[in-house]
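Worksheet for the structure shown next.
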Amino acid sequence: MSELAVENKNHQAQINEFMDKVRSRIKNQPEFVQAVLEVAESVIPLIEATPKYKKAKILERMTEPDKVFMFRVSWVDDNGEVQVNRGFRIQMNGAIGPYKGGLRFHPSVNLSILKFLAFEQVFKNALTTLPMGGGKGGSNFDPKGKSDNEIMRFCQAFMSKLCPHIGPQTDVPAGDIGVGGREIGYLFGQYKRIRNEFVGVLTGKGIEYGGSFIRPEATGYGAVYFADEMLNRKNDSFEAKTVVISGSGNVAQYALEKAVELGGKVVTLSDSGGYIYDKDGISGEKFEFIMDLKNNKRGRISEYADKYGCEYHAGKTPWEVPCDIALPCATQNELNGEDAKTLLSNGCYVIAEGANMPSTPEAVVFFRESKILFAPGKAANAGGVAVSGLEMAQNAQMHPWTREDVDSKLKSIMKSIHENCVTYGSDGDYVDYVHGANIAGFIKVADAMLAQGVV
Ligand code: NDP
């Protein structure tokens with residue numbers, strides 16, 4: 001066996017040993033364990049080669065949250081019935097700044113999903129170059145079908161419980177699935193009512209009360225900027241490419257807008273009911289229709305197919321549609337190994353994850369082995385939290401920046417994340433962006449943890 005083969009075998013044994021310990025300590029949290037495994041595979045060889053990380057048990061400490069808050073959220077619906085939900089906030093790692101990460105309102109929310117999101121957030125935030133620790137939170141509350149007043153009452157009840165644990169220097173939540181501008185407004189109003197202070201305790205605020213230009217667009221735009229960087233490195237671009245996007249919420253909408261602006265033709269969008277396939281491309285008036293349908297009317301994506309007479313595939317994901325570029329922008333584990341094979345056999349060669357962990361481990365292995373351009377969410381979707389960081393800076397300065405300022409900062413942050421991935425993920429001409437993102441994020445957080453002692 002060659003020296004390299006022996007080294008790889010040893011690393012695999014060390015990864016297995018570490019993961020066995022994780023699994024015995026953390027029961028019934030499959031999404032969290034999945035996220036830890038992906039990072040462990042990249043960083044354990046580095047830790048083995050760096051005694052200071054090993055001795056300080058950095059990865060063991062990173063996989064245990066700083067703090068977890070769980071609380072009951074009681075509220076009254078429009079029929080006068082008492083409703084009970086569960087609320088969470090995970091403060092995962094605060095080594096490089098105040099905790100930062102979104103709130104998700106979705107019936108599937110549980111400890112495992114929020115811990116995986118918080119863990120990913122730690123690395124993502126480190127990659128942005130801004131001083132932000134990682135956190136995540138939310139509730140199993142389902143916003144679908146609720147009236148505006150019910151949403152407001154739920155947000156007020158949720159914030160009443162969350163309020164003691166957050167603050168502009170402590171923990172600054174933002175939006176995620178089911179939490180957009182409307183919800184952030186109600187949450188902010190309640191925080192202000194309780195604390196009697198107007199501070200930048202949430203990001204994604206309305207532009208009239210301390211929000212930043214480009215925050216709504218940031219995650220989707222950022223994912224496309226990142227994909228464009230990957231393409232440019234290969235002297236390629238979005239021009240005339242067919243793009244498949246999943247989801248039709250915040251991230252998907254602005255990924256679509258930017259992909260079209262750069263010359264791509266976006267042919268799909270989806271929601272939890274199924275996907276639309278518009279061979280002529282979705283842009284202009286059709287894009288305006290989607291924005292109104294999803295953000296104002298809160299309707300279903302099938303209504304687009306009814307209006308424009310395109311294909312609608314109920315209960316399916318869009319990965320069977322031939323494309324050059326795929327942007328998964330809906331939710332975790334929405335693209336499996338079979339989907340990955342179908343995508344590539346149909347000619348797709350660029351995948352940038354707008355969502356968090358949308359590709360299953362089998363899909364990720366396949367993408368990496370195929371050596372296509374594959375950007376993991378923690379790098380590709382970091383634009384959202386980056387502009388949240390810029391919103392915090394503007395709030396602290398009491399001085400808003402222009403749209404152009406923020407967009408150019410977003411672009412340069414995505415460029416620098418890409419460069420960091422290339423630095424740490426290059427293997428000859430091939431860039432393993434998963435590896436690059438994990439290593440770059442890990443080193444920054446690990447060094448900060450080392451400097452701060454055993455805490
Ligand atoms: P939204 O709530 O705005 O949109 C979510 C979209 O995904 C909707 O189209 C929704 O369809 C669909 N979706 C949600 N759950 C499922 C499911 N189980 N199966 C199929 N479709 C589903 O959320 P965002 O656009 O903000 O978030 C999308 C992804 O991007 C998430 O993974 C999030 O963590 C990630 N992300 C978001 C950031 C942000 O700034 N908002 C930042 C970084 C990452 P339906 O309406 O039918 O449920």
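This one's a predicted model, so the numbers in the text were calculated from it and none came from an experiment. Ligands are counted one by one from 1 in listed order, and the atoms in each one are counted from 1 as well.
- The protein heavy-atom contact nearest to atom 45 (P) of ligand 1 is S272 OG, 3.5 Å.
- For F198 and Y209, the gap between ring centers reaches or exceeds 6.0 Å.
- If you take CD1 on I214 and CZ on R403, they are separated by 4.0 Å, rounding to the nearest 0.5 Å.
- Within the 4.0 Å heavy-atom shell around ligand 1 one finds R300.
- The protein non-hydrogen atom at the shortest distance from atom 25 (O) of ligand 1 is V251 N, 2.9 Å.
- Using a 4.0 angstrom heavy-atom cutoff, R215 counts as in contact with ligand 1.
- Proximity of S270 to ligand 1 is established by a heavy-atom distance of less than 4.0 Å.
- Of all atoms in ligand 1, numbered sequentially from 1 with element shown, those under 4.0 Å from a heavy atom of R104 are 31 (C), 32 (O), 33 (C), 34 (O).
- By the 4.0 Å N-to-carboxylate-O rule, D271 lies close enough to K294 to be salt-bridged with it.
- Per-residue contacts place H106 under 4.0 angstrom from the following atoms of ligand 1 (heavy atoms of the residue considered): 15 (N).
- Summarising the geometry, atom NZ belonging to K258 is positioned 3.0 Å from atom OH belonging to Y225; distances are rounded to the nearest 0.5 Å.
- Between T219 and ligand 1, at least one pair of N/O atoms sits closer than 3.5 Å.
- For the salt bridge (charged side-chain N to carboxylate O under 4.0 Å, His left out) with D278, the lone residue among K307, K286, K265 that qualifies is K286.
- Looking at ligand 1, you won't find any N or O of N381 less than 3.5 Å from one of its N or O atoms.
- Pairing each heavy atom of W401 with each of K409, the nearest pair is CZ3-CD, 3.6 Å.
- Of the protein's non-hydrogen atoms, N250 OD1, 3.6 Å is the one closest to atom 41 (N) of ligand 1.
- For the pair E303 and K297, the salt-bridge criterion is not met [side-chain N within less than 4.0 Å of a carboxylate O].
- The closest approach between a heavy atom of G180 and any atom of ligand 1 is not below 4.0 Å.
- Distances from atom 6 (C) of ligand 1 to the heavy atoms of G175, A355, G249, S108 put G249 nearest.
- Checked against the 6.0 Å centroid threshold, F154 and F141 count as a close aromatic pair.
- In summary, K241 and D324 do not engage in a salt bridge, as defined by a charged side-chain N under 4.0 Å from a carboxylate O.
- Remark: minimum distance from atom 27 (O) of ligand 1 to any protein heavy atom is reached at I177 CG1, 3.6 Å.
- For ligand 1 and C329, the ligand atoms under 4.0 Å from any heavy atom of the residue are 28 (C), 29 (C).
- By the side chain to side chain donor-acceptor pair (under 3.5 Å) test, E320 is found to be paired with Y275, K316, residues two or more places apart in sequence or in another chain being considered.
- When hydrogens are left out, the protein atom nearest atom 16 (C) of ligand 1 is T331 CG2, 3.6 Å; that is the closest non-hydrogen contact.
- Atoms of ligand 1 found under 4.0 Å from any heavy atom of S248 (numbered from 1 in listed order, with element): 9 (O).
- Nearest protein heavy-atom contact of atom 33 (C) of ligand 1 is D176 OD1, 3.1 Å.
- Shortest contact from atom 13 (N) of ligand 1 to any protein heavy atom: A330 CB, 4.1 Å.
- Proximity of the aromatic rings of Y433 and F374 is defined here by a centroid distance below 6.0 angstrom, and this criterion is not met.
- Between the side chains of Q29 and K115, a donor-acceptor pair is found at a separation under 3.5 Å.
- The nearest protein atom to atom 2 (O) of ligand 1, hydrogens excluded, is given as G178 N, 3.0 Å; this is a heavy-atom distance.
- Between F105 and F158, the ring center distance clears the sub-6.0 Å criterion.
- Listed by number with element, the atoms of ligand 1 under 4.0 angstrom from any heavy atom of K144 are 45 (P), 46 (O), 47 (O), 48 (O).
- Atoms of ligand 1 lying under 4.0 Å from any heavy atom of G247, numbered from 1 in the order shown and given with element: 9 (O).
- Under the 4.0 angstrom criterion, atom 10 (C) of ligand 1 counts as lacking any protein heavy-atom contact.
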